[in-house]
Q: 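Structure incoming, see below.
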Number of protein chains: 2
Amino acid sequence: MIPKTAEYALRAVVILARAPGRPLSADALAESTQVPRRYAHKVLQALVRAGLVGSHSGPGGGYTLLRSPEDVSILDVVSAIEPIPRIRRCPLGLKGHTSLCPLHRQLDDAAAQTEKAFAQVTLAQLLNQSHSVPPLCEVK
Amino acid sequence: MIPKTAEYALRAVVILARAPGRPLSADALAESTQVPRRYAHKVLQALVRAGLVGSHSGPGGGYTLLRSPEDVSILDVVSAIEPIPRIRRCPLGLKGHTSLCPLHRQLDDAAAQTEKAFAQVTLAQLLNQSHSVPPLCEVK
DNA sequence: CGCAGGAGGACAAAGATACTCCTGAAATCT
DNA sequence: AGATTTCAGGAGTATCTTTGTCCTCCTGCG
């Protein structure tokens, strides 16, 4: 559904949101998110480029969430990694009306729907639902 | 969003639905759906295995839609190629509650949403919307 | 200064997906 | 039967994503 990389990014950001202020190293994040060590680096770098998280070298350094959890939606994170592909023109390249044909309209509507669903959920909301199950299933 | 192969399958099935009774060859379908010739064949074979379309060799043969357009949903076609991946257990493999954590609950909800959207639209509906734009954008 | 903990970038291997080619088999027509 | 049309299936290629390895550079601390 969404690329693995986006999943990984979401996990990382959730973990970061739970450790406000305190920087977490890529290796630490890789462990708690169960993402392959070196791949975690890559994912985090993408998040840095997108301006969602900040990085700092040296002892005591690591990654931190730059924006407040209320201001970060699932869509923000997913889009930072890879935007949800929308269908704007006819993929067949057929010239025609400005609007999509029924098939591609449906496909794009589905994309729009998930985009909207992702835009409506913030990190803060994910954390606040902890009364049921904590953010990343870490229940013994 | 959905794999390219699924897109191709949808195009093929739409074209087939517009040519009731009359079999269409893989090459003909490849052309009108703008799918690479050889690859179209592979996609069609998958649809045959799924029982959605039937095939017939020899001159005048080709592929035909087996079920009536009212009985085939977008989901049927997509699932024949590759089912929409649902999240049933915690992907981290962490043992815990029976329910998903908030993050994965959201992700799976989105999947469920598109699954539902795809299940509600039939081929017949796509064809009937032709008053606006014909099924595959073929407007000059 | 020098060291250790950290990020960052350049490859390369493994896997999945998309695509091609080649050869065989079935059905139809003459 | 033989030729032609069209499906069936497997092997091979290309490309992308995911993952792994190595080396460099930055930064805080003693």
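Values below: every heavy atom of this structure, side chains too, minus hydrogens, waters and symmetry copies.
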Q: If only side-chain N and O atoms of B:T5 are considered, is one of them under 4.0 Å from the OP1 or OP2 phosphate oxygen of C:dA18?
A: yes
Q: Quick one: the side chain of A:R38 and the base of C:dG9, do they pair up donor-acceptor inside 3.5 Å?
A: yes
Q: With a 4.0 Å limit, can you tell me whether B:K4 has a side-chain N or O closer than that to the phosphate oxygens OP1/OP2 of C:dC19?
A: yes
Q: About how many Å separate CG of A:L10 and NE2 of B:H104, when rounded to the nearest 0.5 Å?
A: 8.0 Å
Q: Students often get this wrong, so: under 4.0 angstrom with heavy atoms, is A:H56 touching a base, only sugar-phosphate, or nothing?
A: sugar-phosphate
Q: Just N and O in the side chain of B:S55: are any of them under 4.0 Å from OP1 or OP2 of D:dA8?
A: yes
Q: Using a cut-off of 4.0 Å on non-hydrogen atoms, how would the nucleic acid contact of B:P23 be classed: base, sugar-phosphate, or nothing?
A: nothing
Q: Starting from C1' on D:dT6, measure out to CG on B:L29 and report it in whole angstrom.
A: 12 Å
Q: CZ of A:R49 versus C1' of C:dG8: gap in Å, rounded?
A: 10 Å
Q: Mind calculating the distance between CG (A:D27) and P (C:dG5) to the nearest angstrom?
A: 12 Å
Q: Take atom NE2 of B:H41 and atom C1' of D:dT6, then tell me their distance rounded to the nearest Å.
A: 8 Å
Q: Can you check side-chain contact (heavy atoms from CB on, under 4.5 Å) on A:F118 and A:I2, steps first, answer last?
A: CA-CA 11 Å; A:F118 285 170; A:I2 62 172; 3.9 Å; yes
Q: Given that A:K42 and A:G58 both sit by DNA chain C, which one's nearest nucleotide is further toward the 5' end?
A: A:G58
Q: For a side chain to side chain contact (heavy atoms under 4.5 Å, CB included) with B:L29, tell me which candidate from B:V35, B:L24, B:V53, B:V43 qualifies.
A: B:L24
Q: In whole angstrom, what separates A:Y8's OH from D:dT17's P?
A: 15 Å
Q: When you get a sec, tell me which of C:dA7, C:dC19, D:dC7 is the closest nucleotide to the side chain of B:P36?
A: C:dC19
Q: For B:R37 and D:dT6, what is the distance between atoms CZ and C1' respectively, to the nearest whole Å?
A: 12 Å
Q: For A:R22 and C:dG5, give me the distance from atom CZ to atom C1', rounded to whole Å.
A: 17 Å
Q: To the nearest 0.5 Å, how far apart are CG in B:L123 and CG in B:L16?
A: 9.5 Å
Q: If the cut-off is 4.0 Å, is B:Q45 near the phosphate of D:dG9, judged by side-chain N/O to OP1 or OP2?
A: yes
Q: For D:dT17, does either OP1 or OP2 sit under 4.0 Å from a side-chain N or O belonging to A:Y39?
A: no
Q: Examine D:dT6: is either OP1 or OP2 under 4.0 Å from a nitrogen or oxygen in the side chain of B:Y63? Give yes or no.
A: no
Q: CG of B:L16 versus P of D:dC7: gap in Å, rounded?
A: 11 Å
Q: So which pairs with a foot in residues 2-58 of chain A pass ring-ring contact (aromatic ring centres under 6.0 Å, His included), sequence neighbours left out?
A: A:Y8-A:Y39
